[in-house]
Amino acid sequence: MTPDHPLLERLRPLHRRIRDAVVESTSRAAAEALARVDADEGPGDTIYAIDRVAEDVIVSDVDRAIARESPVLLVAEGLPDGQVLLPEGVSPDRVEWVIVIDPIDGTRGLMYQKRPGWILTGVARVGPEGPFRARLRDIELALQTEIPLVKQHLCDELWAVRGRGAAAQRVDRLTGTSMPLPLTPSRARDVRHGFATIARFFPGGRATLAAMDDEIAEALLGPPRAGKALLFEDQYISTGGQLYELMTGRDRFIADLRPLVAGRHGAATGLSCHPYDLCTELIARECGAIVTDAAGAPLDAPLDVSAEVAWVGYANAAIRALVEPALRAALERHGIAP
C-alpha cells in the first residue's frame with residue numbers, strides 16, 4: 001500500500017519542477033558557471049550558482065500550493081535567516097506545518113556532472129510549542145527525488161509517511177513513464193565484500209576519521225591481507241545519496257561523525273551535516289534500515305540550517321550488532337565519544 005499524507009501530492013510536483021529546472025540549467029551552462037560561489041556567509045552551506053536555480057522555485061511554489069490554505073514555516077538554505085513564514089505576513093501562531101527543504105543535496109558532484117544530486121524535503125506538523133521549536137523527530141512526511149546527470153534519463157523518487165511505510169518509483173524523464181522501485185536494505189549479516197563508509201569529504205579531521213575507519217575494519221575483518229580487498233567505501237558527497245545507497249541495499253554501514261571530531265578536538269572540519277541533509281532519514285527507517293545518532297539513540301536535532309548532526313546508518317539489526325561495538329570503541333579511543 002502506498003503511504004499517503006495531505007501534503008504528499010502537493011510536494012511531489014514541486015520536486016519534479018526543481019529537478020527539471022536544474023537538469024535544464026546544467027545542460028545549458030558550463031560547469032565553471034554553475035560552480036561560481038553565490039554566497040559564502042551566513043548559516044548553512046556555501047551557496048553556489050546552481051543552488052539558486054532550485055531556490056527560485058521553492059518559495060513561490062510552497063506559497064501557492066500549500067501556504068495560502070495551510071500556513072507554513074519554510075526552512076531552507078539561501079533564505080534570510082534560513083527560514084520564512086508563508087504566506088507573507090502570517091502570524092506564527094497560525095502556522096500549521098514546518099517544511100524543511102534541501103533543494104540540491106550533492107551540489108558539488110552534480111555541478112561538475114560527476115554524480116546525481118537529490119531534492120530532500122521533510123514535513124512536521126506544528127505542535128503546542130509552535131513552529132520555531134520543531135525538530136527532526138517531528139517529521140511525519142519525507143520525500144527525496146533524484147536530480148540526474150544530463151546524460152541520465154532514469155531518475156528515482158522516494159517518499160514515506162511515519163508509521164505507514166515507504167514507497168519509490170523509477171521515472172523515465174524522456175517519456176514520463178514510471179515503474180515501482182523496491183526499497184530493500186541489504187540483508188547481509190556482516191560487511192565482508194560490501195560497502196561501509198565513514199564520511200570524510202572535506203579537509204579537516206580526516207586523519208582521525210580515516211584512522212577510525214581502518215580500526216573498525218580491522219576489528220570486523222582482521223588485519224588487511226596482501227592482494228585482497230574485503231571491504232569498500234563510497235564517499236558519496238550527499239547525505240540523501242548515502243541514505244539512498246543504504247535503502248537500496250548497496251551500502252551496509254555509513255557513519256558521518258564530522259561534528260564530533262570538530263567538537264572534541266577543537267579543529268575545524270569544514271562543512272558538517274545539517275538537519276536539512278537528514279530530513280529524509282524517515283524513509284530509510286520506514287523501509288527497514290536503522291538510523292541513529294553517534295550514541296545509538298534515535299536521531300534528533302532542531303529543524304534549522306545551522307545545527308551540526310552526527311549520524312550512523314545500518315542496513316539491518318545484524319549489521320548494527322556487529323559494527324556498533326567497534327564504532328563505540330573507536331570513538332572512545334579517539335576521545336570523541338558522545
Side-chain angles (χ1 to χ4, degrees), residues 26 31-32 34-52 54-55 76-78 82 102-120 144 147 149 195-217 232-246 251 253-281 291 293-294 299 301 304-313 327 330-331 334-336 338:
T26 52
E32 289 79 6
L34 293 171
R36 185 187 73 247
V37 173
D38 210 48
D40 200 23
E41 301 296 333
D45 193 359
T46 300
I47 304 299
Y48 293 92
I50 191 175
D51 293 304
R52 295 298 189 200
E55 288 168 6
E77 291 180 282
D102 189 349
I104 306 180
D105 183 40
T107 299
R108 292 155 185 82
L110 184 63
M111 67 193 183
Y112 287 109
Q113 289 292 286
K114 293 173 70 67
R115 198 159 187 182
W118 293 87
I119 307 158
L120 311 178
Q144 74 176 68
I147 306 175
L149 303 179
F195 280 85
T197 303
I198 292 184
R200 49 185 188 278
F201 310 133
F202 313 115
R206 286 196 288 201
T208 299
L209 294 167
M212 291 178 57
D213 198 348
D214 278 346
E215 291 164 13
I216 293 169
F232 311 93
E233 68 170 12
D234 180 8
Q235 296 289 336
Y236 192 167
I237 312 175
S238 163
T239 303
Q242 290 179 309
L243 290 168
Y244 172 83
E245 300 296 286
L246 199 65
D251 286 10
F253 161 70
I254 302 168
D256 189 339
L257 310 171
R258 290 171 290 165
L260 301 183
V261 175
R264 296 302 173 90
H265 290 305
T269 57
L271 179 63
S272 287
C273 190
H274 297 296
Y276 53 78
D277 296 305
L278 284 160
C279 67
T280 62
E281 59 89 27
V291 183
D293 65 16
L299 197 61
D304 60 29
V305 298
S306 57
E308 297 186 338
V309 188
W311 67 279
V312 185
L327 171 63
L331 289 168
H334 288 271
I336 57 173

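Just so it is clear, the values below take in all heavy atoms, side chains as well, and ignore hydrogens, waters and symmetry mates. As the structure is a computational prediction, the values presented were derived from the model and not from experiment.
Checked options Leu327, Leu299, Ile254; the residue passing with Val312 is Leu327 (criterion: side chain to side chain contact (heavy atoms under 4.5 Å, CB included)).
Shortest non-hydrogen contact noted between Ala310 and Leu260 is CB-CG, 4.1 Å. Taking all atoms of both residues into account, the shortest heavy-atom contact from Trp118 to Gly241 is NE1-CA, 3.5 Å. Across Arg258 and Cys273, no two heavy atoms sit closer than the pair NH2-N, 3.6 Å. Here the shortest heavy-atom pairing between Leu257 and Ala294 reads CD2-CB, 4.2 Å. Smallest separation of non-hydrogen atoms from Val309 and Ala301: CG2-CB, 3.8 Å.
Judged as a side chain to side chain donor-acceptor pair (under 3.5 Å), and not counting sequence neighbours, Asp293 has no contacts. Not a single ring-ring contact (aromatic ring centres under 6.0 Å, His included) links Tyr236 to another residue, sequence neighbours left out. Evaluation of the side chain to side chain donor-acceptor pair (under 3.5 Å) rule for Arg206 yields no partner, not counting sequence neighbours.
The shortest side-chain heavy-atom distance between Thr26 and Gln113 falls under the 4.5 Å cut-off. Considering only heavy atoms from C-beta on, Trp311 stays 4.5 Å or farther from Asp277 through its side chain. Contact of the Phe201 side chain with the Arg108 side chain is not registered, since no non-hydrogen atoms from C-beta on lie closer than 4.5 Å. Side-chain atoms of Arg200 and Asp213, non-hydrogen and from C-beta on, do get closer than 4.5 Å to each other. For the pair Val305 and His274, the minimum side-chain heavy-atom distance is 4.5 Å or more.
With values rounded to the nearest 0.5 angstrom, Leu209 atom CG is found 11.5 Å from Asp214 atom CG.
In this structure, the side chain of Glu245 does not engage the main chain of Gly240 through any donor-acceptor pair within 3.5 Å. Without hydrogens or angle criteria, Asp105 side chain to Thr239 main chain gives a donor-acceptor distance under 3.5 Å.
Asp234 and Thr197 share no side-chain donor-acceptor pair at under 3.5 Å. Between the side chains of Tyr276 and Glu77, at least one donor-acceptor pair of N or O atoms lies under 3.5 Å.
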